[in-house]
Amino acid sequence: MTQDQFVELLAEWFRANKQTSTDLKITADTELLGSGLLDSFDFLDVIVYIENKTGKKIDLSVADPNQFSLVSG
């Protein structure tokens, strides 16, 4: 999956699950947690969504939480 495809995957999740402005632009540099776009419950939802869409498991026990602060992480 390319970075552009991943960004679009996240944008799809935001459109379906968050009441955000239609102007919201998700890019690789979008800050997810610190900006308030995601809270802890949303974060888990996004992880499950990504796993389901990509067919790959994300092992949070070995992942660095800082990697999840930006889309590019």
Side-chain angles (χ1 to χ4, degrees):
M1 174 176 283
T2 68
Q3 184 168 322
D4 288 339
Q5 290 170 322
F6 185 73
V7 168
E8 181 54 32
L9 184 70
L10 283 177
E12 287 174 13
W13 184 89
F14 274 96
R15 285 191 294 271
N17 295 284
K18 297 293 280 184
Q19 299 295 327
T20 57
S21 165
T22 56
D23 306 2
L24 178 66
K25 302 290 184 220
I26 303 294
T27 69
D29 297 322
T30 300
E31 188 173 335
L32 298 172
L33 300 172
S35 68
L37 283 174
L38 293 180
D39 62 23
S40 57
F41 293 110
D42 293 333
F43 175 75
L44 294 175
D45 250 3
V46 167
I47 295 298
V48 170
Y49 178 77
I50 292 168
E51 289 177 338
N52 288 335
K53 289 291 189 171
T54 63
K56 296 182 180 182
K57 184 83 175 135
I58 298 171
D59 187 353
L60 295 175
S61 68
V62 295
D64 178 1
N66 294 321
Q67 290 180 315
F68 296 100
S69 64
L70 295 175
V71 171
S72 60

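The model shown is predicted, which means the values in this text are computed figures rather than measured ones. Atoms considered below: every heavy atom in the structure, side chains included; atoms not considered: hydrogens, waters and symmetry mates. Residue numbers run from 1 in the order of the sequence given.
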Q.
Run the side-chain contact (heavy atoms from CB on, under 4.5 Å) test on W13 and I50 for me, step by step, so that the C-alpha distance in whole Å, both residues' side-chain angles and the decisive distance to 0.1 Å come before the verdict.
A. CA-CA 9 Å; W13 184 89; I50 292 168; over 6 Å; no

(Q) Are F43 and L37 packed together at the side-chain level, in the sense that at least one heavy-atom pair is separated by less than 4.5 angstrom? (A) no

Q) For the residue pair Y49 and L9, what are the closest heavy atoms and their distance? A) CE2-O, 3.4 Å

Q: Rounded to the nearest 0.5 Å, what's the gap from CG on L38 to CG on N17? Could you check?
A: 10.0 Å

Q) Do L10 and V7 have side chains that get closer than 4.5 Å, going by heavy atoms? A) no

Q | Minimum-distance pair of heavy atoms, taken over all atoms of D42 and D39 | A | N-OD1, 2.8 Å

Q) Shared ILVMFWY cluster between L44 and L70, side chains joined below 4.5 angstrom? A) no

Q.
Is it the case that the side chain of E51 and the backbone of I58 share a donor-acceptor pair, with hydrogens and angles ignored and the cut-off at 3.5 Å?
A. yes

Q: Might you work through the side chain to side chain donor-acceptor pair (under 3.5 Å) test for D59 and S61, ending with a clear yes or no?
A: CA-CA 5 Å; D59 187 353; S61 68; 2.5 Å; yes

Q.
Less than 3.5 Å apart, any donor N or O on the side chain of T27 or D29 sitting next to an acceptor on the other?
A. no

Q) Is L32 reachable from V48 through a run of hydrophobic residues whose side-chain heavy atoms are each under 4.5 Å from the next? A) no

Q: Search all heavy atoms of M1 against all heavy atoms of T54 and return the closest pair with its distance.
A: CE-CG2, 3.7 Å

